[in-house]
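Just below is one structure, and these are the notes that go with it.
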Number of protein chains: 2
Amino acid sequence: MGAAEPIAGLRSGPYTAPQARIIAAAVELFSDHGVSGTSLQMIADTIGVTKAAVYHQFKTKDEIVLAAAEAELARLEAALDAAGAEPSRTRTREVLVTHIVDLAVQRRHAVSVILSDPVIIPFFSQHEPFRRVLDRLNRLLMGDDAGSAGRLATTMLMAAISGAVMHPLFADLDNDTLRPELLHLARRFLDLPG
Amino acid sequence: MGAAEPIAGLRSGPYTAPQARIIAAAVELFSDHGVSGTSLQMIADTIGVTKAAVYHQFKTKDEIVLAAAEAELARLEAALDAAGAEPSRTRTREVLVTHIVDLAVQRRHAVSVILSDPVIIPFFSQHEPFRRVLDRLNRLLMGDDAGSAGRLATTMLMAAISGAVMHPLFADLDNDTLRPELLHLARRFLDLPG
DNA sequence: GTCTATACGCGGATAGAC
DNA sequence: GTCTATCCGCGTATAGAC
């Protein structure tokens, strides 16, 4: 089964030590200032090197953004793995939506790294590994036979969850209040009881 | 009643002719290249003037973005007006969700102007007129007594709808196919029949 | 009032020396 | 691998022509 295997091209590694330092600094800065609000200079200053040194590790800023986004995407893959191991389809959907909500709440700020930037979205929709993750997510949620209607529902659910956790109007809502309400509404969208 | 009155500060006008030309060009360019992907130079070139001439009409790029976003937001207000005139609360919700879906599908690309840019979202959450539109939307959808749970549901619904119409994976889905499916899922989220 | 000319500082990006 | 130096385009800003 390919279910438990990492998707080709979606490497969380292998990165060299300098690359890993850059990614770590980037994720932190992207979360605080947004992608476009973070300059290579800021990343360079954070790890104490020059802008050109950063450039030697990653040819473009987009590559850094992509690496940071892939790190977040890998968490979603882990949720797919866990849900796929459940015995029934109902259980799969229940576990999956719960994990996704948990993940979204837990990584609240970082969700914007992968979803809120205009650079990433068009890029990822051309990105084979990303599409395969979405396909797998869609199959687990909606079943193998769901067509464009199923994909639309999956897209809406993901947009709804990430839109909610990212929204500034709920920035001061603490995780323990947000999570159950979010889960309840997500389950209702999926026609799950509760 | 303030329901039918335009919200103070949310002017679609009055703009001078040069300003209106800039806004029109900006909306077009933002839709095609995104906000941060659109430079003042591109706007200037489109209407055949210099960058400084654009800068003379609007002191910052953010002001242009705001004006473009307000033009889109005014369309949402019109939907609120229409829905608010319905006799029953059920009818209000039905008409409102239908108009919002229609608007989102019809203005597919432009939705990103108001919702997808990292610059706009934090800015608008501080923007009084915008908050009042959101409050009014929330009351019409969820009722006067709905607290943070109602606001969360409203946020999720709007994020789901706009996320769906903006998603590149559905860019090739034509409007007449997208609209009914979107409406169906949105209604289900609101516990409306059908 | 509307525009042009010009400039500053910062952004991403590149070339070549150590 | 990291540096210095440099490039061009960006948003921003001002002075002044018509």
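Here is the naming used below: chain letters follow the sequence lines, and residue numbers restart at 1 for every chain.
- No donor-acceptor pair closer than 3.5 Å links the side chain of B:Thr177 to the backbone N or O of B:Leu173.
- Note: CD (A:Gln41) to C1' (D:dT4) measures 13 Å, nearest angstrom.
- Between A:Ile23 and A:Phe58, some side-chain heavy-atom pair lies under the 4.5 Å cut-off.
- As rounded to whole Å, 8 Å separates atom C1' of D:dG11 from atom OH of B:Tyr55.
- Using a 4.0 Å cut-off between charged side-chain N and carboxylate O, B:Asp176 and B:Arg179 make a salt bridge.
- Of the two residues contacting DNA chain C, namely A:Met42 and A:Ala52, the nearest-nucleotide position lying further toward the 5' end is that of A:Met42.
- Under the 4.0 Å criterion applied to side-chain N and carboxylate O atoms, B:Asp135 and B:Arg151 are not assigned as salt-bridge partners.
- B:Ser39 comes within contact range of the sugar-phosphate backbone alone, with a heavy-atom separation under 4.0 Å but no base atom that close.
- Ionic pairing of A:Arg187 and A:Glu94 is present here: one or more N-O contacts between side-chain nitrogen and carboxylate oxygen are shorter than 4.0 angstrom.
- Atom C1' of nucleotide D:dG11 and atom CZ of B:Phe58 are separated by 16 Å, given to the nearest angstrom.
- Rounded to an integer number of Å, the gap from CD1 of B:Ile43 to C1' of D:dC10 is 12 Å.
- Identified under the side-chain hydrogen bond (donor to acceptor under 3.5 Å, both in side chains) test for residues 46-56 of chain B, with sequence neighbours left out: none.
- In this structure, B:Lys51 and B:Arg21 both approach DNA chain C, and ranking their closest nucleotides by distance from the 5' end singles out B:Arg21.
- On the nucleic acid side, DNA chain C has its first and last nucleotide under 4.0 Å of a heavy atom of chain B at C:dT2 to C:dA5, going 5' to 3'.
- Going from atom CG of B:Asp45 over to atom C1' of D:dG9 covers 12 Å, rounded to whole Å.
- If you measure from atom NZ of B:Lys59 to atom P of D:dT14, you get 11 Å, rounded to the nearest angstrom.
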